[in-house]
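In what follows, a single structure is set out as structure tokens and then discussed.
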Amino acid sequence: MSTNDTLPGAETDLAARRGYHHGNLKESLLEAARRLVAERGPNGFTLAEAARLAGVSPSAPYRHFKDKEALLQELAQRGYAEFGARMRAAGAEGGLAAMGPTYLRFAREEPGYYSVMFAWRLPKEGEVDTNNSFTALVSAISRAVPEGAGRDHSRLLGLQVWAMSHGVAGLERAGWPHPSSGVPTPEKVLGMAVEALIRPR
């Protein structure tokens, strides 16, 4: 056999070996998945497509992820970490009023993370850290509600504020209502809703 001949499967194995050594394979796969999720949603692509976008063979991802589920889990973990950091910073700097715009901005700027966090499946306990951002929100609400309100009340309000934030972000992502309709900005809508909830007249 000449040096130019290849055995069946050798090209794939070679590509996998190259993929393992090219830059940072894991980071490349996560970035590819992040882009694909942003474009198609977490269920709209295969692990092989993520590998192709990352420039590696279809077998290369299995060096780091046992399946697509594991890849999405890692992506969700990173999304929640980034989201939590932004929410904590917003709460520390501007209180509750700054957290709504931060939520909406994250949904706009990070559609890959946002989709895998909220449109993939409910994470199992311990898989991803969802507590940091919610704890920061509840703490900000505790400082905003009348003195004497209990922690349980603040947690309930936190869930309601999160639900409203998610709803406004979802409507905006779906393109409704259109900016030309004359309605207030999503930030304004969310801010007014939170104000009415936290400080009812």
Side-chain angles (χ1 to χ4, degrees), residues 26-27 29-31 33-43 65 68-147 149-174 184-200:
K26 184 176 182 180
E27 295 303 319
L29 289 167
L30 286 165
E31 179 57 29
R34 184 177 169 189
R35 289 172 56 186
L36 288 167
V37 170
E39 294 171 3
R40 309 180 193 175
N43 298 314
F65 305 102
K68 179 185 169 184
E69 187 91 349
L71 175 61
L72 291 176
Q73 179 180 320
E74 175 78 13
L75 197 65
Q77 288 175 332
R78 295 192 178 203
Y80 274 110
E82 173 67 20
F83 179 68
R86 292 195 191 189
M87 292 291 280
R88 289 194 304 275
E93 295 172 8
L96 183 61
M99 298 182 85
T102 297
Y103 189 109
L104 297 177
R105 189 161 52 250
F106 181 87
R108 291 187 198 112
E109 295 176 353
E110 301 291 352
Y113 279 153
Y114 192 82
S115 291
V116 78
M117 288 162 60
F118 297 114
W120 168 39
R121 63 174 176 79
L122 183 65
K124 296 177 183 178
E125 186 175 357
E127 281 188 343
V128 297
D129 184 2
T130 60
N131 291 323
N132 284 336
S133 49
F134 184 66
T135 299
L137 177 60
V138 172
S139 295
I141 289 173
S142 297
R143 295 192 297 270
V145 296
E147 188 173 349
R151 183 73 172 176
D152 288 345
H153 181 62
S154 294
R155 287 179 61 83
L156 175 60
L157 289 176
L159 287 171
Q160 293 173 313
V161 169
W162 197 310
M164 290 190 299
S165 303
H166 191 67
V168 172
L171 288 173
E172 184 182 16
R173 283 164 59 81
T185 65
E187 283 79 3
K188 183 70 172 178
V189 170
L190 180 57
M192 293 172 65
V194 171
E195 177 71 17
L197 178 67
I198 301 299
R199 298 188 181 90

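Counting begins at 1 with the first residue of the sequence.
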Only counting residues at least two apart or in another chain, list the ones meeting side-chain hydrogen bond (donor to acceptor under 3.5 Å, both in side chains) with E82. R86
Rounded to the nearest 0.5 Å, how far does CG of L104 lie from CZ of R173? 11.5 Å
Could E31 and K26 be called an ion pair, given the rule that one side-chain N must be under 4.0 Å from one carboxylate O? no
Minimum-distance pair of heavy atoms, taken over all atoms of A140 and G95: CB-C, 4.4 Å
Counting C-beta onward and ignoring hydrogens, is there a side-chain heavy-atom pair between F65 and L72 closer than 4.5 Å? no
Please check if atom CZ in R155 has more than 12 non-hydrogen atoms from other residues, nucleotides or ligands closer than 6.0 Å. no
Option passing side-chain contact (heavy atoms from CB on, under 4.5 Å) with I141 (candidates V161, L197, V194): V161
side-chain contact (heavy atoms from CB on, under 4.5 Å) between L171 and V189, worked out: CA-CA 11 Å; L171 288 173; V189 170; over 6 Å; no
Salt bridge check: are R108 and E172 linked by an N-O gap of less than 4.0 Å? yes
According to ring pair (Phe, Tyr, Trp, His ring centres under 6.0 Å), who are the partners of H166, at least two apart in sequence or on a separate chain? Y114, F118
Heavy-atom closest pair, residues K68 and P42: NZ-O, 2.9 Å
Flag this pair as yes if the NZ/CZ of R34 is under 6.0 angstrom from the six-membered ring centre of Y113 and inside a 45 degree cone about the axis; otherwise no. yes
What's the spacing between D152 CG and L157 CG if we round to 0.5 Å? 11.0 Å
Salt-bridge present (E110, R35; N to O < 4.0 Å): no
Atom pair CG/CZ of L96 and R143 - distance to nearest 0.5 Å: 8.5 Å
Could you measure the distance from the CG atom of L137 to the OG1 atom of T102? Nearest 0.5 Å is fine. 11.0 Å
Could you please spell out the steps behind the side-chain contact (heavy atoms from CB on, under 4.5 Å) verdict for S142 and R151? CA-CA 7 Å; S142 297; R151 183 73 172 176; 3.6 Å; yes
Shortest non-hydrogen contact between A33 and L71, atoms and distance: CB-CD2, 3.7 Å
Contact summary for A97 and P101, nearest pair of heavy atoms: O-CD, 3.2 Å
I need the M192 CE to E195 CD distance, nearest 0.5 Å. 9.5 Å
Return the minimal non-hydrogen interatomic distance between R199 and A144, and the atom names on each side. NH2-O, 3.6 Å
Any idea which heavy atoms bring M117 and A76 closest together, and the distance? CG-O, 4.2 Å
Counterpart residues, ring pair (Phe, Tyr, Trp, His ring centres under 6.0 Å), relative to F83 (two or more places apart): Y103, F106, W162
